[in-house]
2 protein chains.
Amino acid sequence: MTREVKKTFDSGSGGGVPAPPPPAALAAKVRTLAPSMTRSMQRVAEAVAEDPAGCAALTVTGLAQLTGTSEATVVRTARLLGYPGYRDLRLALAGLAAQQQSGRAPAITTDIAVDDPIADVVAKLAYDEQQTLADTAAGLDTVQLAAAVSALAGARRTDVYGVGASGLVAQDLTQKLLRIGLLAHAHSDPHLAVTNAVQLRPGDVAIAVTHSGSTGDVIEPLRVAFERGATTVAVTGRPDGPVTQYADHVLTTSTARESELRPAAMSSRTGQLLVVDCLFVGVAQRTYESAAPSLAASYEALAHRHRVPRQSP
Amino acid sequence: MTREVKKTFDSGSGGGVPAPPPPAALAAKVRTLAPSMTRSMQRVAEAVAEDPAGCAALTVTGLAQLTGTSEATVVRTARLLGYPGYRDLRLALAGLAAQQQSGRAPAITTDIAVDDPIADVVAKLAYDEQQTLADTAAGLDTVQLAAAVSALAGARRTDVYGVGASGLVAQDLTQKLLRIGLLAHAHSDPHLAVTNAVQLRPGDVAIAVTHSGSTGDVIEPLRVAFERGATTVAVTGRPDGPVTQYADHVLTTSTARESELRPAAMSSRTGQLLVVDCLFVGVAQRTYESAAPSLAASYEALAHRHRVPRQSP
DNA sequence: ACCGGAACGAAAATATCTTTCACATCGTGA
DNA sequence: TCACGATGTGAAAGATATTTTCGTTCCGGT
């Protein structure tokens, strides 16, 4: 049996980087209005301009003490700066502080270093995975996806192959499909995978998940499935890899930067899971009639409240 | 060895020290804590999450009237969200509003519908998962995370518990830890998990992964580990759930919107994996000396990207 | 030295926030 | 079904914070 090999080529371009926020012109206002201020008021204005965040945490009394003035003076200053009262100045101050905070561009574009503080690690990882999602979504061929969904929705049975980190993705897909009543199985044992692949026939679906696109243990069962006439799908980061030879539909995941502290296995997984989710939702839509009860059931199960004791005052 | 069970309620950052006011991860927090809120509180939380700027301009009484509740409820909600009182919530709100003001991408806020075209599904899923990542990153307590990392880095052995979708996350973490030379094992069989938990002792680490925070099969082994003196960590979407009773460190994942076509199991996974990645990178940093060779090896293995496509017989 | 006026702060007056407490509501088990 | 206990809720009392009032102080000019 001779079957054609499809190819997809696309390099995703992710979302843009948000522009730096416009700075509130409070400092300028202070400088402009300083001449028309009395000495005490200037002290207050200066304190406010110097440390918005800190002052935002203070009450009128607090700020008055800090600047060695009185509450009345603080309120007068707030008025002079254009606010109805101190309360509003304080609100504006909080906003300013937040802007300044977010304005500090965390160097997330750089790679993760060994001595990065943990907060940076979190930010960088999150940013990176977001990027991977954006890229994968942008680069995903919806035609291929729709085709894969159709095949899955009408499949007699579905086998999913994946080893290592991709094995977990395969299992994730399987779990989801089972939940909506499809017959699916994940294989991470190459031998068993091939053994089972032999049982496949036209109308069945075989899916291979591999980031590198050249994992023999996964390609082999897909090849067998392909030759048995099953509809084959490849979820891979390398649309030009060997695995696509035997894939009717290729779903490409984005390949993010990798490095020592950011192994490929990590970022690839994110994109693969997005694809898996898309497949799942697509199939759920198609088989909504039969899937709805199961979906509702699992939704209910989690919606049910496990009430816990409330806090004491 | 007997260890005291912690109080059920925990606003996210453990320890007896006064919890610092959380950053502007408000929408995330609202979603995370929504399930543990009463109806009235949910109304307030929703209003606040929906229009931070507008609410920041309101007084307690105003917000109470707007949401058709009482001042008391508003204050209670503020407390639940982690602020000392409404005043502070309002301040945070102002900050959030300012941040939002300074430009953000338009959101695809609608839910996934049964008749959505596949392209929309992809976009919505991608957006949603990105949101989950951002929320989780913003809401993650770095102190708790650092503590968990320390414990892991020095652990004699590490057990990870998780069932269902969370089981895959547990496996993912285990795979990663093993790769850098740590002794880790994932358990999805409750019986075996408990059996193994009994073997744990001080210096060991036990990690429970559960979105709902009330999965008995996962809580039980964690309890045993806790009582045996092991350092326990909970990765959960419900920082007020029962599981946190036995957790020395709680790592909270964001709870995204869920619906019929978007089960909790799906979006929760994304956040959990981010946390897992953070743990992994954190530990890799700490144990860099010993981890580097293994990391380099696996990097090398994948760096040979262009392995010539070989046609199997 | 004396006066006029602006600057300033103490304290009263007001607004706002927090806590308390009693009642309503709901789920649960007899 | 009913009674009961637990939980959710808001009105109003209580505590804080903000704003206003008003008298005192501090100048600079006669």
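Below, chain A is the first sequence line, B the second, and so on; all start at residue 1.
Nucleic acid contact class of B:G62 (heavy atoms, under 4.0 Å, all strands): none. A:R39 comes within 4.0 angstrom of sugar-phosphate atoms only, judged by non-hydrogen atoms across all strands, and of no base.
Rounded to an integer number of Å, the gap from CD of B:Q65 to P of D:dG10 is 12 Å. Regarding B:M37, its CE atom lies at a distance of 16 Å from the C1' atom of D:dT9, rounded to whole Å. In this structure, B:E71 atom CD and D:dT16 atom P are separated by 18 Å, rounded to whole Å. Summarising the geometry, the separation between CG on A:L89 and P on D:dA17 is reported as 17 Å, rounded to the nearest angstrom. The CG atom of B:L66 sits 14 Å away from the P atom of D:dG10 (whole-angstrom rounding). Atom CZ in A:R79 sits roughly 6 Å away from atom P in D:dT19 (whole-Å rounding). One can place CG of B:L63 at 13 Å from C1' of C:dC17, the figure rounded to the nearest angstrom. Computed from coordinates, the B:D88 CG to D:dT16 P distance equals 15 Å when rounded to whole Å.
A donor-acceptor pair is defined here as one N or O able to donate and one able to accept, closer than 3.5 Å; no such pair exists between the side chain of B:D88 and the backbone of B:Y83.
Checking the phosphate oxygens (OP1, OP2) of D:dG8, no side-chain nitrogen or oxygen of B:R43 falls inside 4.0 Å. Between A:S40 and the phosphate of C:dC8, there is a side-chain N or O to OP1/OP2 separation shorter than 4.0 Å. The side chain of B:T59 contributes an N or O atom lying less than 4.0 Å from OP1 or OP2 of C:dC17. Put simply, B:R90 has a side-chain N or O that comes within less than 4.0 Å of OP1 or OP2 on C:dC17. Under 4.0 angstrom from either OP1 or OP2 of C:dT19 there lies no side-chain N or O belonging to B:R76. Residue B:S70 places at least one side-chain N or O closer than 4.0 Å to OP1 or OP2 of D:dG10.
Contact check on A:K176 versus A:D172 returns a salt bridge, with a Lys/Arg side-chain nitrogen under 4.0 Å from an Asp/Glu carboxylate oxygen. Comment: A:D277 engages B:R269 in a salt bridge, judged by a side-chain N to carboxylate O separation of less than 4.0 angstrom. With respect to B:E46 and B:R43, no salt bridge is recorded, no charged nitrogen being found less than 4.0 Å from a carboxylate O.
For B:S150, the side chain to side chain donor-acceptor pair (under 3.5 Å) partners two or more places apart in sequence, or in a different chain, are B:R286.
Of the candidates C:dG9, C:dC17, D:dT19, D:dT19 carries the atom nearest the A:Y86 side chain, counting heavy atoms from C-beta on. Here the nucleotide nearest the side chain of B:V60, chosen from C:dG9, D:dG8, C:dC17, is C:dC17.
Mapping B:R87 and B:T73 onto DNA chain D by nearest heavy atom places B:T73 closer to the 5' end of the strand.
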